[in-house]
Chemist: 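Handing you a structure now.
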Amino acid sequence: MNIAFDAKRYFHNPTGLGHYSRTLVNGLIEYFPDNQYFLVNPKQSNIFSAPDLNNVFEINPPDNFYQVFTSLWRSKGVVEDLVKSDIQLYHGLSHEIPSGIQKTNIKSVVTIHDLIFEKYPKQYNWIDVWIYRKKIKAACKYSNKIIAISQQTKRDLIELYNVPQEKIEVCYQSCNPAFSVQLPQEHLDCIRKRYNLPNHYLLYVGSIIERKNLLSICKAIKLLKDSSLVVPPLIVIGEGGHYKVEVENYILEENLEREIIFLSDDPVAKSIISFKSAEDFPSIYQMATAMIYPSIYEGFGIPVLEALFSRIPVITSNISCLPEAGGEGAFLIDPYQPSEIAAAIETILTNPTLVQEKIQKGSIHAQKFDNKLVTSAVMNVYRKLV
């Protein structure tokens with residue numbers, strides 16, 4: 001089978017959508033090597049590259065005005081190149097497929113990660129909401145099959161866009177298999193020294209935006225600081241805008257500068273390629289006392305899964321799809337209640353027996369998202385179409 005992917009985020013995105021694209025595509029290449037894989041890449045990348053194999057190819061804009069107007073090529077012009085390459089199936093990995101592909105013999109699949117912009121439109125620019133809505137509705141209408149990454153996303157597609165449920169397949173995402181590899185102590189020590197990490201720390205990984213709720217973690221740490229419990233500092237990995245300023249102002253007002261460390265702002269971390277590409281993240285996870293991810297709404301919540309594979313305790317929300325991601329291995333809390341986050345942190349610091357029980361349950365739950373299982377589910381969707 002000749003399979004093409006919208007690989008813009010595969011090559012250029014160091015966060016969630018990029019991780020999804022790389023993990024899925026690389027898994028398909030590894031476990032189903034009999035196919036030909038074509039990665040549609042609008043421009044060169046200096047961070048990520050595809051496997052150097054004889055069944056993996058890049059499709060780039062032709063030598064004409066599409067090299068200047070790459071977005072137009074990716075959204076429409078690429079169809080001609082797909083036909084020339086004898087593509088049988090095209091997978092839009094993040095919410096869209098090229099206009100006109102439905103007029104060819106090429107079958108198409110689109111992955112819808114979430115409809116967050118519909119649930120929380122005030123957190124987006126109005127023009128972005130309009131563009132996202134238009135692209136996703138078109139992809140849902142013209143694709144042959146829709147992959148939702150969680151039952152939550154499937155419900156949202158049905159309720160908000162009236163998508164027929166039989167057109168949607170839930171195929172969970174996995175995370176980079178590197179998170180499941182227990183690293184030797186000498187390697188962890190090297191990473192600790194590289195980033196000047198404390199011996200014990202809590203961890204938050206994600207964009208610093210209102211929906212992901214970092215401020216509630218800071219409020220929980222303030223509650224614990226006022227008690228007699230010794231709490232490790234929180235390491236924050238992620239970028240943000242106006243909401244990050246709100247969080248930073250709270251930290252200053254409550255004198256939490258030593259308790260909250262923004263690693264992504266560190267000049268050393270910013271200069272390290274293996275930090276930008278997240279290559280060092282499995283080490284940073286494995287040394288953490290716990291991952292805290294009290295998001296209000298997610299399509300899936302990949303940091304929860306990364307923590308389960310890393311065999312560390314994880315605190316996450318009891319709403320949206322996060323119980324789906326964390327299962328019995330997670331400490332589930334009401335994300336609107338900093339006191340519940342504080343209580344979960346205190347439990348992790350004071351009840352090692354329960355923590356080990358949770359880690360074991362989390363490790364078992366994580367196997368549902370094993371990369372081979374996930375890629376096999378996606379390949380089954382392809383095979384039903386071609």
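As the structure is a prediction and not an experimental result, all values here were calculated from the model.
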Chemist: To the nearest 0.5 Å, what is the distance between CG on N41 and CZ on R74?
Modeler: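 The distance works out to 10.5 Å.
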Chemist: Is the F38-Y90 ring centre distance short of 6.0 angstrom?
Modeler: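 Here the rings of Y90 and F38 have centres that are no less than 6.0 Å from each other.
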Chemist: Looking at K84 and E80, does any basic side-chain N land under 4.0 Å from a carboxylate oxygen?
Modeler: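 Yes.
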Chemist: Do the non-hydrogen side-chain atoms of I158 and R155 ever get within less than 4.5 Å of each other?
Modeler: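 When only atoms from C-beta onward are counted, R155 and I158 do not touch, as no gap falls below 4.5 Å.
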Chemist: Does any part of the side chain of Y243, heavy atoms only, come nearer than 4.5 Å to the side chain of E246, both counted from C-beta?
Modeler: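 Yes, their side chains come closer than 4.5 Å.
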Chemist: Under 6.0 Å from the NZ atom of K368, do we count more than 12 heavy atoms belonging to anything else shown?
Modeler: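 No - once you tally the heavy atoms of other residues, nucleotides and ligands closer than 6.0 Å, there are 12 at most.
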Chemist: Is any NZ, NE, NH1 or NH2 atom of the basic residue among K222 and D226 found under 4.0 Å from an Asp or Glu carboxylate oxygen of the other?
Modeler: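 Yes, K222 and D226 are salt-bridged.
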Chemist: Is there a donor-acceptor contact under 3.5 Å linking the side chains of Y120 and E210?
Modeler: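 No, no side-chain donor-acceptor pair sits under 3.5 Å.
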Chemist: Hey, what do you get for CE (M379) to CG (L24), rounding to the nearest 0.5 Å?
Modeler: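 So the CE of M379 and the CG of L24 are separated by 9.0 Å.
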Chemist: Within the distance-only criterion (no hydrogens, no angle test), does the side chain of S85 pair as donor or acceptor with the backbone N or O of L82 below 3.5 angstrom?
Modeler: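 Flag not set: sc S85 to bb L82 has no pair under 3.5 Å.
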Chemist: Tell me whether the guanidinium CZ or amine NZ of R133 lies under 6.0 angstrom from the six-membered ring centre of F117 and within 45° of its axis.
Modeler: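 So R133 doesn't make the cation-pi contact.
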Chemist: Taking the basic N atoms (NZ, or NE/NH1/NH2) and the acidic carboxylate oxygens, is any pair closer than 4.0 Å for K154 and E169?
Modeler: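 E169 and K154: not salt-bridged.
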Chemist: I need the single residue from Y20, F300, F179, F309 that forms a ring-ring contact (aromatic ring centres under 6.0 Å, His included) with F369. Which is it?
Modeler: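 Checked Y20, F300, F179, F309 against F369; only one passes ring-ring contact (aromatic ring centres under 6.0 Å, His included): F300.
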Chemist: Between Y382 and H91, what is the ring plane arrangement, given parallel below 30°, perpendicular above 60°, and tilted in between?
Modeler: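 Perpendicular.
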Chemist: Please determine whether a side-chain nitrogen of the Lys or Arg among R211 and D114 lies less than 4.0 Å from a carboxylate oxygen of the Asp or Glu.
Modeler: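 So R211 does not pair with D114 through a salt bridge.
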